[in-house]
Amino acid sequence: MILHELISYDVLRLIWWGLLGILLIGFAVTDGFDLGTGTLLPFVARNDLERRVVINSIGPVWEGNQVWLILGGGAIFAAWPPLYAVSFSGFYLAMFAILFALILRPVGFKYRSKRDGVAWRRNWDWALFIGSFVPALIFGVAVGNVLQGVPFHFDSDLRIFYEGTFFGLLNPFALLCGLVSVSMLIMHGGAWLVLKTQGDVRERARNYGSIAAIATIALFVLAGAYIWAFVDGYRIVGSIDPTGPSNPLVKSVEMGEGIWLGNYQTYPWMMAAPILGIVAAFLAFILLRVRLEGLTVIVSGLSIVGIISTVGASMFPFILPSSLMPKASLTVWDASSSHLTLFIMLVVTGIFVPIILVYTTWVYRVLWGKVDEDEISGGKSHAY
């Protein structure tokens, strides 16, 4: 038997669908509190010392957290080539806006304290805010558009044609999903600041995080109601070969109201995802108010896990539906790389992801503890 045939093609496809979700969740949970903290920067810090405290709470770890975004992009490129081709070409301007915002972040971190001028530091503070808020919003907007279907189609030679526009992405439901993303990351960032800071900054973060937790619940429920009432879901008609070649055009797909909720009727255990998103956000609110700092970060992270998992559970087996040509929609069973490619990637992932996890755990252990205002004001060379 050939080595890669130890795991069947359909199982490998399912594994990589799960791994893609894990990588995206890993990015949202780790870099999410960075983005939430950056978004809160102008609101929880009232003077230069407080702003430096906020920045230094994420300064040592934000670069490492973005590894999950790189891994997610690499997984899409190698495991799901059609998904990479459609999303990175169709969402080109949105991706460029995210890239521009993410470029502002390292520049802001490195240049903010190079000069003592008030205007200089204020401008870089707003750059850090933009570099945090814009990705948080656009990632959610992208998810909203995926749930509605993306305007692309294939010709007979499987060439991809995208018919949408940048401003077409900014529709009401997509913006609602963007607000869900922003609110849940502010909740997570607020929980992080409560854990890492002291005094007035911590109290302000507690208040903003509490508000964001309630907003997350309300917006998430509203988005679910909007999907049930107004968003057409997608469903495969007939059978599809889970071990067949990656050709999206060989299946039939129908659209209709409420279809995205069908998986919850077929597989009731999937309801654990939205329940986790709502219950964990409520617990984060409670824990923020009763001042259980460490547990709050864990619970707010679990809310993010639940919210993102809800999208995957609702859409399975679809990965990227097409609103122009439903049968061209990309699914787990017809949009992957070859059997051998998925197997080799799985072996590589099994080697390197544990290394990343061990290193990341070690970094957080070494850098554990609250950010001290006296050390920062004392001119420590390691402080931003």
Side-chain angles (χ1 to χ4, degrees), residues 12 15-38 52-80 84 98-99 101-110 112 128 131-132 135-136 139 184-185 188-197 293-305 308-309 341-372 375-376 380-384:
L12 275 173
I15 289 172
W16 272 103
W17 173 79
L19 284 175
L20 178 60
I22 290 172
L23 293 174
L24 295 178
I25 288 172
F27 168 69
V29 171
T30 57
D31 204 47
F33 68 73
D34 291 352
L35 297 175
T37 298
R52 291 188 66 196
V53 166
V54 172
I55 292 170
N56 277 275
S57 73
I58 57 175
V61 296
W62 71 270
E63 289 176 293
N65 292 340
Q66 293 195 135
V67 167
W68 296 101
L69 177 61
I70 298 170
L71 289 174
I76 293 173
F77 173 78
W80 311 100
Y84 181 90
I98 292 174
L99 179 61
L102 292 178
I103 289 174
L104 279 179
R105 296 182 75 210
V107 177
F109 280 118
K110 302 301 182 182
R112 182 194 181 277
L128 288 171
S132 302
F139 282 132
M184 75 178 185
L185 296 188
H188 200 37
W192 176 258
L193 284 174
V194 168
L195 176 67
K196 295 289 290 184
T197 64
E293 300 172 356
L295 190 57
T296 306
V297 176
I298 296 174
V299 170
S300 64
L302 287 175
S303 178
I304 293 174
V305 172
I308 296 178
S309 297
T341 299
L342 295 183
F343 180 79
I344 293 174
M345 288 177 58
L346 183 62
V347 173
V348 173
T349 300
I351 295 172
F352 286 101
V353 168
I355 295 174
I356 295 172
L357 289 172
V358 170
Y359 174 75
T360 301
T361 302
W362 176 79
V363 168
Y364 277 88
R365 182 176 181 275
V366 170
L367 298 172
W368 197 250
K370 291 185 178 292
V371 179
D372 191 278
E375 288 191 0
I376 292 177
K380 293 288 185 178
S381 60
H382 63 271
Y384 284 98

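Note: hydrogens, waters and symmetry copies are ignored here, and every other heavy atom, side chains too, is used.
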*L128 side chain reached by I55 side chain, heavy atoms, under 4.5 Å*: yes
*Please name all residues satisfying side chain to side chain contact (heavy atoms under 4.5 Å, CB included) with F77, sequence neighbours left out, ordered by chain then number.*
Y84
*Between atom CD1 of I58 and atom CG of L367, what is the distance when rounded to the nearest 0.5 Å?*
13.0 Å
*Has the side chain of K370 got a donor or acceptor atom that lies under 3.5 Å from a matching backbone atom of T197?*
yes
*Measure the CG-NE2 distance between L193 and H188 for me, rounded to the nearest 0.5 Å.*
11.0 Å
*Check L23, I76, I22 against L71 for a side-chain contact (heavy atoms from CB on, under 4.5 Å) and give me the one that passes.*
L23
*Euclidean distance, F27 CZ relative to N65 CG, rounded to 0.5 Å*: 9.0 Å
*asked:* Show the nearest heavy-atom pair for residues L102 and P135, with the distance to one decimal.
replied: CD2-CG, 3.9 Å
*asked:* How long is the straight-line distance from CE of M345 back to CG of L19, given to the nearest 0.5 Å?
replied: 8.5 Å
*Measure the shortest side-chain to side-chain distance between F139 and I98 over non-hydrogen atoms and say whether it is less than 4.5 angstrom.*
yes
*asked:* What I'd like to find out is whether the side chain of T360 reaches to under 4.5 Å of the side chain of Y364, using heavy atoms alone.
replied: yes
*So do V366 and W362 actually touch side chain to side chain, heavy atoms under 4.5 Å?*
yes
*Donor-acceptor pair, W192 side chain versus S57 backbone, under 3.5 Å?*
yes
*Distance, nearest 0.5 Å, that separates CZ of F109 from CG of D34*: 6.5 Å
*So, do I304 and L185 sit near enough that their side-chain heavy atoms are less than 4.5 Å apart?*
yes
_Partner residues of K110 under the salt bridge (Lys or Arg N to Asp or Glu O under 4.0 Å) criterion, sequence neighbours left out_ = none
*What is the distance from atom CG of L346 to atom CD1 of I351, rounded to the nearest 0.5 Å?*
10.0 Å
